[in-house]
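Heavy-atom basis, side chains included; hydrogens, waters and symmetry copies ignored. Computed from a predicted structure; not experimentally measured. In what follows, chains are A, B, ... by sequence order, proteins preceding strands, each numbered from 1.
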Protein chains: 4
Amino acid sequence: MTTRKNSGTTTTPAKRQRATSSGSASERRDHLVKLAAELFARKGFQATTVREIAEEAGILSGSLYHHFDSKETIVDEVLSTFLDDLIARYRAALDTSADARTVLSEMVRIGFGTLEPHRAAITVMQNDWNYLRQFERFNYLVKAEDEVEQIWVSQIKAGQAAGLFRSDVDPKLTYRMIRDTIWVAVRWFRPGGRLNTSGLAEHYITVLFDGLATGERTTQKG
Amino acid sequence: MTTRKNSGTTTTPAKRQRATSSGSASERRDHLVKLAAELFARKGFQATTVREIAEEAGILSGSLYHHFDSKETIVDEVLSTFLDDLIARYRAALDTSADARTVLSEMVRIGFGTLEPHRAAITVMQNDWNYLRQFERFNYLVKAEDEVEQIWVSQIKAGQAAGLFRSDVDPKLTYRMIRDTIWVAVRWFRPGGRLNTSGLAEHYITVLFDGLATGERTTQKG
Amino acid sequence: MTTRKNSGTTTTPAKRQRATSSGSASERRDHLVKLAAELFARKGFQATTVREIAEEAGILSGSLYHHFDSKETIVDEVLSTFLDDLIARYRAALDTSADARTVLSEMVRIGFGTLEPHRAAITVMQNDWNYLRQFERFNYLVKAEDEVEQIWVSQIKAGQAAGLFRSDVDPKLTYRMIRDTIWVAVRWFRPGGRLNTSGLAEHYITVLFDGLATGERTTQKG
Amino acid sequence: MTTRKNSGTTTTPAKRQRATSSGSASERRDHLVKLAAELFARKGFQATTVREIAEEAGILSGSLYHHFDSKETIVDEVLSTFLDDLIARYRAALDTSADARTVLSEMVRIGFGTLEPHRAAITVMQNDWNYLRQFERFNYLVKAEDEVEQIWVSQIKAGQAAGLFRSDVDPKLTYRMIRDTIWVAVRWFRPGGRLNTSGLAEHYITVLFDGLATGERTTQKG
DNA sequence: GATGAATGAGGGTTCATTCAT
DNA sequence: TATGAATGAACCCTCATTCAT
């Protein structure tokens with residue numbers, strides 16, 4: 001239920017480390033993380049230099065190392081903050097004990113709902129995950145991903161068992177497609193466009209559950 | 001209809017450049033591009049050094065510059081080769097003058113069908129596009145993307161006009177979701193698993209057109 | 001007779017500076033010097049960071065600068081403390097007005113006798129002297145060294161004049177060899193081994209005065 | 001009999017690596033090593049920057065990495081070259097099957113004989129060994145040292161068994177003192193002074209075997 | 001005295017690229 | 001075509017030191 005390999009049950013190590021800092025120190029740190037996240041999202045993790053991050057904060061690059069061990073530590077905090085929040089939201093949705101379709105709808109809404117507050121983190125995860133995963137320190141991300149997958153897959157299976165979902169689809173595969181569809185939207189979604197994230201969610205829920213077709217015809221090609 | 005900003009109508013500049021080379025030289029070049037593509041896909045464009053590419057080919061890094069002007073030229077060739085092929089396939093599907101649902105299904109199949117032969121290129125496009133787009137030379141990729149978008153959106157609209165597709169969905173949005181769902185699959189799809197790309201396509205077509213729900217219930221919206 | 005270039009006759013500047021501090025402040029300072037000396041000895045002067053010294057003392061690196069102007073000041077104190085003590089001991093030995101061999105023996109014993117109480121300082125002097133001497137502030141160390149050399153050389157010459165020492169050896173050269181043999185022992189001497197420093201001294205005195213050979217044979221090769 | 005942990009029997013890995021290079025490449029490399037050795041000796045390993053080494057060679061610092069993996073690799077080559085030569089010389093001396101005193105004398109001469117050709121390497125070993133040994137890659141230096149120690153100690157013991165050397169001295173301790181006395185001379189020995197290294201050797205051999213005392217008196221210990 | 005944020009200079013190293021051979 | 005030496009700019013990071021609090 002946590003996002004870090006060596007963590008306890010409810011908090012990531014990063015979060016715990018953060019908590020040990022004094023209030024204002026933590027605020028400064030959080031601010032720096034936010035600035036860095038924006039840069040990582042815009043230019044990519046590797047293409048963002050520590051000098052740029054520092055410049056954005058109005059300090060020198062060396063000064064960043066008063067707050068963080070390394071560039072990796074910064075992106076780590078970006079990602080784990082997001083995952084902590086995401087998983088917490090999912091858990092809350094599960095606690096409602098509604099039927100599978102309702103829960104799944106809510107989870108879709110949660111997913112799209114993170115698009116704005118965690119836009120930068122999600123973008124980093126989409127673009128730089130392939131690079132970051134080669135570092136052992138980010139193994140915990142895989143674990144978090146697995147946990148999320150289990151949550152989704154069990155709901156899909158429950159829906160199938162209850163006769164709510166068609167039984168001829170693969171739960172794991174279906175989860176992956178839903179997940180990807182939601183997160184990849186971060187690439188083109190911009191606040192202020194035709195639809196807000198809530199509209200996006202409803203749009204997707206409609207297509208997801210009821211399909212694109214009207215049922216007028218059932219032509220299909222092998 | 002082409003993938004390069006400064007190209008003519010049917011061939012990318014990269015392709016034309018390639019064509020000017022002698023047969024065996026072109027083969028050597030293609031081989032190098034293929035090796036590079038694999039590395040780009042595995043480690044990311046930025047994280048892959050020209051030294052590594054050269055090493056993989058059994059030559060020294062400086063020697064690569066007899067074949068390519070720059071590292072960017074290599075990845076350019078990787079991407080444009082893929083896009084050339086993709087667009088050509090789409091065009092063929094459009095020529096069938098079948099109904100919108102049939103055409104759209106075929107286009108989904110085409111998309112999934114590129115997952116294996118163009119795995120590396122698609123991976124690079126997914127992971128490194130955000131970085132590469134900042135270089136002017138890759139502007140043509142945006143144009144190619146726009147062209148593809150138009151192909152899809154017009155089919156969706158045609159389907160709606162024909163009463164085949166529900167009219168309460170946004171064509172552009174729907175296209176994006178379909179597109180993302182297909183391409184992102186490259187991240188987890190591995191040949192030899194439960195489903196091949198053809199199976200993946202049918203699975204997705206089912207959910208896409210007819211929805212996940214069985215219709216047993218019409219429970220709600222949050 | 002003193003160890004600092006700009007000092008008076010009997011005390012080093014460092015000592016004087018120390019003396020001006022209040023009792024407990026001086027104790028704190030001495031403690032910090034001792035901690036630093038250990039680190040310098042173990043890791044080398046350059047490789048030891050002020051952060052490490054401060055950490056060892058349970059404070060932050062910036063706080064060290066309430067006690068010392070600079071890192072060099074700390075090592076200065078380490079070295080001058082040792083030299084002050086050494087020269088004081090030599091002087092005492094000279095006051096006995098015994099014959100040259102007795103005095104020289106005593107000086108060897110004094111040298112080995114500093115190995116334990118001044119282990120760290122001697123180690124620093126052996127390993128980091130080459131680096132430290134480039135700073136003008138450590139010029140006084142050369143002067144102290146010269147003073148010590150004069151003490152030894154005059155004793156050796158006196159011994160030769162009195163017919164106690166063979167006259168075919170170079171006094172200065174002999175001094176250097178004795179000196180080096182004693183101090184370099186700090187590299188391998190560990191308290192608690194077969195011989196204590198006193199045993200080491202006697203062992204060396206034996207070989208030094210009477211030679212390794214038994215006299216049984218006088219084979220020699222050019 | 002070799003100076004590297006993972007080496008075969010007669011050559012160090014460094015040497016083998018060097019040998020694989022073409023003639024002129026090796027020469028360039030050797031030249032760079034020589035320049036670096038001088039700087040290391042003069043300023044210390046840590047205080048010498050790669051930029052300084054490169055400047056000395058008239059190239060840029062980055063260019064050094066065309067020849068060496070790292071700064072450590074350079075100093076490694078400096079030290080192993082010296083040790084290879086030293087051990088080879090010792091072996092040759094042992095092959096003469098002369099009596100222990102003769103062999104030991106020869107080994108002292110060998111030691112002093114390296115002072116000039118290997119001055120830089122010996123200086124580095126004296127001053128920076130304490131720092132370098134913390135890196136695993138230099139473990140082989142300890143092994144080389146052990147090998148040398150065995151050569152010496154066995155000769156001293158042989159001399160004692162043959163009644164040539166006094167039996168009341170500790171072989172290991174005696175070796176260490178001899179070793180230190182020879183090598184530390186690098187600190188003050190300058191070619192062109194009163195004595196050349198050959199003179200130094202004979203001087204030391206005299207004192208070592210026959211002692212400083214004339215035998216006129218046997219006063220001992222205060 | 002101590003803190004902690006920041007400085008500023010520099011360190012070792014990387015890497016795409018060039019070019020004479 | 002390929003080599004290999006070199007470039008030059010940039011990168012992440014370190015560290016002694018300062019100073020307002």
Tell me: [atom1] of [X] to [atom2] of [N], nearest whole Å?
X        : N      : atom1 : atom2 : value
D/Leu64  : F/dG4  : CG    : C1'   : 15 Å
C/Phe68  : F/dC15 : CZ    : C1'   : 18 Å
A/Asp30  : E/dA5  : CG    : C1'   : 16 Å
A/Asp69  : F/dC15 : CG    : C1'   : 15 Å
D/His31  : F/dA5  : NE2   : P     : 14 Å
A/Ile59  : F/dC13 : CD1   : P     : 14 Å
B/Gln46  : F/dA10 : CD    : P     : 16 Å
D/Tyr131 : E/dG11 : OH    : P     : 14 Å

- request: Identify all stems in which DNA chain F takes part, counting only runs of at least 3 consecutive pairs (Watson-Crick or G-U wobble, each distance under 3.5 Å), and give each as one range with another, ordered by first number.
  value: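 Consecutive-pair runs (3 or more) involving DNA chain F: E:2-21 with F:2-21.
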
Looking only at the side chain of [X] (C-beta and beyond, no hydrogens), which of the listed nucleotides [options] gets closest?
X       : options                : answer
C/Val50 : E/dT13, F/dT17, F/dC11 : F/dT17
D/Tyr65 : F/dC11, F/dT3, E/dT14  : E/dT14
B/His67 : E/dG10, F/dA2, E/dT7   : F/dA2
D/Thr49 : E/dG11, F/dT17, E/dT3  : E/dG11

Closest-nucleotide 5' rank along DNA chain E - winner of D/Ser70 and A/Gly58: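 Of the two residues, A/Gly58 wins.
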
Upstream residue (5' side of DNA chain E) when C/Leu32 and B/Thr48 are each assigned their closest nucleotide: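 Going by which nucleotide is closer to the 5' end, it is C/Leu32.
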
field: Considering all heavy atoms, the nearest D/Arg28-D/His67 contact
entry: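 For D/Arg28 and D/His67, the tightest heavy-atom pair comes out as CG-CE1, 3.8 Å.
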
- prompt: Restricting to pairs with a member in residues 49-64 of chain C, which pass salt bridge (Lys or Arg N to Asp or Glu O under 4.0 Å), not counting sequence neighbours?
  reply: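 Passing the test, one end in residues 49-64 of chain C: C/Lys43-C/Glu52.
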
Would you tell me if any nitrogen or oxygen in the side chain of [X] comes within less than 4.0 Å of OP1 or OP2 on [N]?
X       : N      : answer
C/Arg28 : E/dA2  : yes
D/Ser63 : F/dT7  : yes
C/His66 : E/dA2  : no
C/Arg51 : F/dT17 : no

For the side chain of [X] and the backbone of [Y], is there at least one donor-acceptor N/O pair under 3.5 Å apart?
X        : Y       : value
B/Glu77  : B/Ile74 : no
B/Glu38  : B/Leu35 : no
A/Asn127 : A/Ala41 : no

message: Heavy atoms only, 4.0 Å cut-off, all strands: where does D/Ser61 land among base, sugar-phosphate and nothing?
response: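 Contact class for D/Ser61: base.
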
task: Mind checking C/Leu60 for me? I need base, sugar-phosphate or nothing, with any heavy atom below 4.0 Å counting as a touch.
output: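 Result for C/Leu60 = base.
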
field: D/Gly62 vs A/Lys71, nearer the 5' end of DNA chain F by closest nucleotide
entry: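 Final value for this comparison: D/Gly62.
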
query: When rounded to the nearest 0.5 angstrom, what is the spacing between CH2 in A/Trp129 and CG in A/Leu141?
result: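 Between atom CH2 of A/Trp129 and atom CG of A/Leu141 there are 4.5 Å.
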
field: Residues C/Thr48, C/Arg42; criterion side-chain hydrogen bond (donor to acceptor under 3.5 Å, both in side chains); working and verdict
entry: CA-CA 9 Å; C/Thr48 301; C/Arg42 196 187 326 147; over 6 Å; no

field: Of D/Phe40, D/Phe138, D/Phe135, the residue whose pairing with D/Phe45 passes ring-ring contact (aromatic ring centres under 6.0 Å, His included)
entry: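 Passing option: D/Phe40.
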
